[in-house]
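Numbers restart at 1 for each chain; the letters A, B, ... are given by sequence-line order, proteins then strands.
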Number of protein chains: 2
Amino acid sequence: MCVPERNVCHGRHSRIGPRDGPGPCAGIPAEQMAFVRQVLDRVGDKWSLLVIAVLEGGPLRYTDLQRQAPGISQRMLTLTLRRLRQDGLITRTAYAEVPPRVEYALTPLGRGLHEIAASLVRWAFDHHEEIREHRAHATAQ
Amino acid sequence: MCVPERNVCHGRHSRIGPRDGPGPCAGIPAEQMAFVRQVLDRVGDKWSLLVIAVLEGGPLRYTDLQRQAPGISQRMLTLTLRRLRQDGLITRTAYAEVPPRVEYALTPLGRGLHEIAASLVRWAFDHHEEIREHRAHATAQ
DNA sequence: CTGTATCCACCAGGATACTG
DNA sequence: CAGTATCCTGGTGGATACAG
């Protein structure tokens, strides 16, 4: 939202930044927009919230995560875990065993994000009928 | 999050659904996941939240929106407005005048989403330092 | 078991030109 | 003024094969 300083977007294309100046945007300092974008990009991507939601139940191993997040590919699981770890939302603990065992767990920060996400989920649930009605009533396309 | 019933994703590819069954996912009934996905897709896309944020200040005309959301293309403004309208988050009022005048305004539903988004923004702001630190400390890639 | 590497399909979204 | 139509880019993310 608000002036993607440099188009972070979801990472989709984004070659040039906006040609205009900052642009205040409804009371939100453009300064913060980069961070907000980043958080949104994390929340908005396909698997992060799912992984966080799944980890809410306690630490899990790679394979268990794969099982609990049906449909995720190995590639995306790895990428998602890496990004979440880089953001400090989850921790990775590797045990030097044979066979190798790695456990992922939520950090307090990650739990915080999950709470916000949960409120979003709650809102979505509270209003989904309303939204569906509108969508259904929207005639074409 | 949680079992994209049919891969809605951000609309990106998504040809097949997950081959597995429902998959409960941390207490969130798979039933609701479709709606949550939809809301997330709206929140997560590039311009919706910005438009909503801008409209928080009161009804605006097409051109004004374009000005207040620096960097948005006509195409994306139109698409975003259409989607928001279809979801019942904003209203469109056309006045039969010359030259034509069209005003977009938030609905109560839209304001509700904006509040949730605002809390997300607040969280992002409260923790951006923490996140940045983690990102900086993340050695490679 | 826990990943990494490669290939590629697909679609969001920018640029541009045109219309009522 | 308020859009629509068309073309194009490039990043996301699935599939698959391979590695420590």
Engineer: Would you mind reading off the distance between A/Gln74 atom CD and C/dT4 atom P, rounded to a whole angstrom?
Structural biologist: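 Distance, rounded to whole Å: 10 Å.
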Engineer: In whole Å, I'd like the distance from the CG atom of A/Leu79 to the P atom of D/dA15.
Structural biologist: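 My rounded result for the distance is 15 Å.
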Engineer: If you only use heavy atoms from C-beta on, which nucleotide in D/dG3, C/dT4, C/dG14 is closest to the side chain of A/Thr78?
Structural biologist: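 Of D/dG3, C/dT4, C/dG14, C/dT4 is nearest to the side chain of A/Thr78.
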Engineer: Please report the distance, rounded to the nearest Å, between CG in B/Leu77 and C1' in D/dT4.
Structural biologist: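 From B/Leu77 CG to D/dT4 C1': 13 Å.
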Engineer: Could you give the CD1-to-C1' distance, from A/Ile72 to C/dG3, as a whole number of Å?
Structural biologist: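 Going from CD1 in A/Ile72 over to C1' in C/dG3 covers 13 Å.
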Engineer: Taking C-beta and beyond as the side chain, do B/Val43 and A/Val43 meet within less than 4.5 Å on heavy atoms?
Structural biologist: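 Answer no - side chains too far apart.
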Engineer: Quickly work out the A/Asp64 CG to C/dT2 C1' distance and round it to whole Å.
Structural biologist: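 My rounded result for the distance is 12 Å.
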Engineer: Would a 4.5 Å heavy-atom cut-off, applied to side chains only, mark A/Met76 and A/Leu79 as touching?
Structural biologist: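 When only atoms from C-beta onward are counted, A/Leu79 and A/Met76 do touch, with a gap below 4.5 Å.
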Engineer: Given that B/Leu81 and A/Pro100 both sit by DNA chain D, which one's nearest nucleotide is further toward the 5' end?
Structural biologist: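 Here B/Leu81 is the residue nearer the 5' end.
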Engineer: Using a 4.0 Å heavy-atom cut-off, does A/Arg83 contact any base of the nucleic acid, only the sugar-phosphate backbone, or nothing at all?
Structural biologist: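 Answer is sugar-phosphate: A/Arg83 comes under 4.0 Å of backbone atoms only.
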Engineer: Once you round it to whole Å, what is the distance between C1' of D/dT12 and CZ of A/Arg42?
Structural biologist: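 After rounding, the gap between these two atoms is 13 Å.
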Engineer: Among A/Arg61, A/Glu97, A/Arg92, find the one that has a side-chain contact (heavy atoms from CB on, under 4.5 Å) with A/Val102.
Structural biologist: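 Of all the options given, the one that passes is A/Arg92.
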Engineer: If you check the B/Met76 side chain, which of C/dG13, D/dG14, C/dT2 turns out closest?
Structural biologist: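 Closest nucleotide to the B/Met76 side chain: C/dG13.
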Engineer: A/Trp47 side chain: which of D/dA2, D/dG14, C/dT2 is closest?
Structural biologist: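 Per side-chain heavy atoms of A/Trp47, the pick is D/dG14.
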Engineer: Check every strand shown and say whether B/Tyr95 touches a base, only sugar-phosphate, or nothing at a heavy-atom separation below 4.0 Å.
Structural biologist: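 Counting heavy atoms under 4.0 Å across all strands, no contact is made by B/Tyr95.
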Engineer: Surrounding CZ of A/Arg132 (heavy atoms of other residues, nucleotides or ligands, distance under 6.0 Å), is the total greater than 12?
Structural biologist: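 Atom CZ in A/Arg132 is not crowded, with 12 or fewer foreign heavy atoms closer than 6.0 Å.
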Engineer: Check whether any side-chain N or O of B/Arg92 sits under 4.0 Å from OP1 or OP2 of D/dG3, and answer yes or no.
Structural biologist: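 So the side-chain polar atoms of B/Arg92 do come within 4.0 Å of the phosphate oxygens OP1 or OP2 of D/dG3, strictly under.
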Engineer: Could you check A/Glu103 against A/Arg75 and say which one's nearest nucleotide on DNA chain C is further toward the 5' end?
Structural biologist: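 That would be A/Glu103.
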Engineer: Is any side-chain N or O of A/Tyr104 closer than 4.0 Å to OP1 or OP2 of C/dG3?
Structural biologist: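 The answer is yes; a side-chain N or O of A/Tyr104 sits under 4.0 Å from OP1 or OP2.
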Engineer: Check the distance between C/dA12's P and A/Asp41's CG and give it to me in whole angstrom.
Structural biologist: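 From A/Asp41 CG to C/dA12 P: 16 Å.
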Engineer: B/Gln66 has an atom CD; how far is it from atom P of D/dC1, in whole Å?
Structural biologist: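 Atom-to-atom, B/Gln66 to D/dC1, this comes out as 9 Å.
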Engineer: Among D/dG14, C/dT4, C/dG14, which nucleotide sits nearest the side chain of A/Tyr62?
Structural biologist: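 Ranking D/dG14, C/dT4, C/dG14 by closest atom to the A/Tyr62 side chain puts C/dT4 first.
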Engineer: Kindly indicate whether the side chain of A/Leu40, heavy atoms from C-beta on, has any atom under 4.5 Å from the side chain of B/Leu49.
Structural biologist: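 In short, these two side chains touch, coming nearer than 4.5 Å.
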Engineer: Does the side chain of B/Arg61 get closer than 4.0 angstrom to OP1 or OP2 of D/dA2 through an N or O atom?
Structural biologist: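 It does, given that an N or O in the side chain of B/Arg61 lies less than 4.0 Å from OP1 or OP2 of D/dA2.
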